[in-house]
Every structure is written in structure tokens, then in C-alpha cells.
J.: 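Have a look at this one.
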Amino acid sequence: MNVKHPGVTVWFTGLSGAGKTTIRMAVEQELRDRGLKVEVLDGDVVRENLTRGLGFSKADRDENIRRIGFVSHLLTRNGVIVLVSAISPYRAIRDEVRERIGNFVEVFVNAPLSVCEARDVKGLYKKARAGEIKQFTGIDDPYEPPLNPELECRTDLESLDDCVAKVLGKLEELGYVPAPAIIA
Ligand code: ADP
């Protein structure tokens, strides 16, 4: 069945290791299972193609987000549910992208730095603390939390299932995703 629905960009922002990719993947699977059109822009992947060559200065980080936002906008206006997972540490550029896209749901994936660092999923915090990586968000580069995100997932306090249910519930509530039919 080809379900018609308005497009939307779901923007997962937060520190490295906060849980953006993990939540995004579970949300993606659920939306695909429901037969909806989904596309993904993952910060790490995008930096190997669309924004290859950009670094981690504020100017480069903003350009990275602007390009992701540009593609997200094209997809969103064509009825796709776009899932973006990117640290996207600067508030102003996130808000700029939000304005441009319109149908935009910001999910603040939040866990204390100490928790993200203890998880150290990719071993990057260790390298940053050792000075092997510079300009690492949370260590020697800023992260500006959203002031009014549509959702916040506290991944140190809430289970993955809870976080996923919150995201799907919000998308249903806002009319971007049809609620699953209740079979009596
Ligand atoms: P990011 O994409 O933000 O860098 P990842 O998703 O790669 O983060 O890693 C997050 C880590 O935190 C994973 O190892 C995941 O299993 C763990 N985790 C623990 N609780 C949660 C939760 N509630 N939601 C998402 N991830 C969680």
C-alpha cells in the first residue's frame, strides 16, 4: 500500500555517544515496517561524501549542516520522512535549517557528557582526552543544546524502547505518520 503522508525531517542532535544513531536506526526500522518512505542522513556517512573535506571549525560544521539541511529539504518536500543524525552542535544553524524546511522535528538526544564518555562507543573520547583529536564536541568544542526541541530523550534515564516510542508518538501526534490501525 502506498501511504500518502507529508514529508518531515526528524533531526537528532546531541553529543557523540548520546544515542542518536541507535534511536534513529530503531525508528527507521519501525517506519519501514509500516511501509512509509524513509531516508537517512547520518553525519558520519555524509562526511565521507556530500560534505567530504570539511573539518570541524565552526564555519565547516555550519557548512556541513547547511548541506545536510539542503538535501533534507528536497526530500521532505517530496513526502519523505528524513531521519538526520548529526551532532550539529550550533543552535543557530539548526534553527536556520528548521526555518528552511518547515516540517521539522528536533529530537534532543541527551545524556550527560560523563555517560557519553564512559560509553565511548567509537573510542573517540579517549583520543580527544589524549589530545589526538582536536575540536571534539564536549571536550574542547562547544555543544549548544536546543532551547525548545519537540522532544528530548534522556538516554541515561530512558530505555531505547521508550525513546523510540516517544519519537513515533510525536510523529503521529503531529500528523506526519499515520497511527497504526488497531486490529480488534
Ligand atoms: P551517537 O550516534 O549519538 O554518537 P550511538 O547511537 O552511536 O550514539 O551510541 C549510543 C550508545 O548508547 C549505544 O552503545 C547504545 O546502545 C547506548 N544506549 C544506552 N541507552 C540508550 C538509549 N536509551 N537510547 C539510545 N542509545 C542508548
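In listed order, ligands and their atoms are each counted from 1.
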J.: Does ligand 1 have an atom that lies less than 4.0 angstrom from a heavy atom of L15?
T.: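 Yes, L15 has a heavy atom closer than 4.0 Å to ligand 1.
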J.: Would one find more than 12 heavy atoms of other residues, nucleotides or ligands at under 6.0 Å from atom CZ of R100?
T.: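 12 or below, so no.
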J.: Considering only protein heavy atoms, which is closest to atom 15 (C) of ligand 1, and at what distance to one decimal place?
T.: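 Answer for atom 15 (C) of ligand 1: T22 OG1, 3.7 Å.
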J.: If you count the atoms of ligand 1 from 1 in the order shown, which ones are under 4.0 Å from a heavy atom of S16?
T.: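 Near S16, meaning under 4.0 Å from one of its heavy atoms, ligand 1 has 4 (O).
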J.: Side chain or backbone of R119 under 4.0 Å from ligand 1, or both, or neither, by non-hydrogen atoms?
T.: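 R119 to ligand 1: side-chain contact only, backbone stays beyond 4.0 Å.
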J.: Write out the residue and atom name of the closest protein heavy atom to atom 4 (O) of ligand 1, then the distance separating them to 0.1 Å.
T.: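 Looking only at protein heavy atoms, the one closest to atom 4 (O) of ligand 1 is G17 N, 2.7 Å.
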J.: Any non-hydrogen atom of V121 lying under 4.0 Å from ligand 1?
T.: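 Heavy atoms of V121 do come under 4.0 Å of ligand 1.
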J.: Could you tell me whether the side chain of E158 and the main chain of R154 form a donor-acceptor pair under 3.5 Å?
T.: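 Yes; at least one donor-acceptor contact below 3.5 Å.
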J.: Purely on distance, is any nitrogen or oxygen of G19 under 3.5 Å from one on ligand 1?
T.: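 Yes - when backbone and side-chain N and O of G19 are compared with those of ligand 1, one distance drops under 3.5 Å.
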J.: According to the interplanar angle, ranging from 0 to 90°, do the rings of Y125 and F136 count as parallel (below 30°), tilted (30 to 60°) or perpendicular (above 60°)?
T.: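 Perpendicular, since the angle between the ring planes exceeds 60°.
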J.: Determine, considering heavy atoms only, which of L157, T137, T155, D156 sits nearest to atom 21 (C) of ligand 1.
T.: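 Looking at heavy atoms only, the winner is T155.
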J.: Hey, is CG on N148 packed in by over 12 heavy atoms from elsewhere, all under 6.0 Å?
T.: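 Atom CG in N148 is not packed in, count stays at 12 or less.
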J.: Check for me whether K58 meets the cation-pi criterion with Y90, that is, NZ or CZ under 6.0 Å from the six-membered ring centre and within 45 degrees of the ring axis.
T.: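 Yes; both conditions hold, so K58 lies above the ring face of Y90.
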J.: So is G14 in contact with ligand 1, going by heavy-atom distances below 4.0 Å?
T.: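 Heavy atoms of G14 never come under 4.0 Å of ligand 1.
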J.: Distance under 4.0 Å to a non-hydrogen atom of S159: what atoms of ligand 1 satisfy this?
T.: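 Answer for ligand 1: 23 (N).
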J.: Would C163 count as a contact residue for ligand 1, given that I'm defining contact as a non-hydrogen atom of the residue lying under 4.0 Å from a ligand atom?
T.: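 Per 4.0 Å heavy-atom rule, C163 contacts ligand 1.
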J.: Is the contact between E158 and ligand 1 made by the side chain, the backbone, both, or neither, using heavy atoms and a 4.0 Å cut-off?
T.: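 Within the 4.0 Å criterion, E158 contacts ligand 1 through backbone atoms alone.
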J.: Regarding T155 and R119, do their side chains bring together a donor and an acceptor under 3.5 Å, going by distance alone?
T.: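 Per modelled atom types, T155 and R119 side chains form a pair under 3.5 Å.
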J.: Are there over 12 heavy-atom neighbours, none belonging to K166, within less than 6.0 Å of that residue's NZ?
T.: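 Yes, enclosed.
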J.: Determine whether the side chains of R61 and S88 contain a donor N or O and an acceptor N or O closer than 3.5 Å.
T.: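 R61 vs S88: no donor-acceptor pair found between side chains.
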J.: Is the closest basic N to carboxylate O distance between K20 and D42 below 4.0 Å?
T.: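 So K20 does not pair with D42 through a salt bridge.
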J.: Could you find the nearest protein heavy atom to atom 2 (O) of ligand 1 and give me its residue, atom name and distance?
T.: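 I find the closest protein heavy atom is T21 OG1, 2.5 Å.
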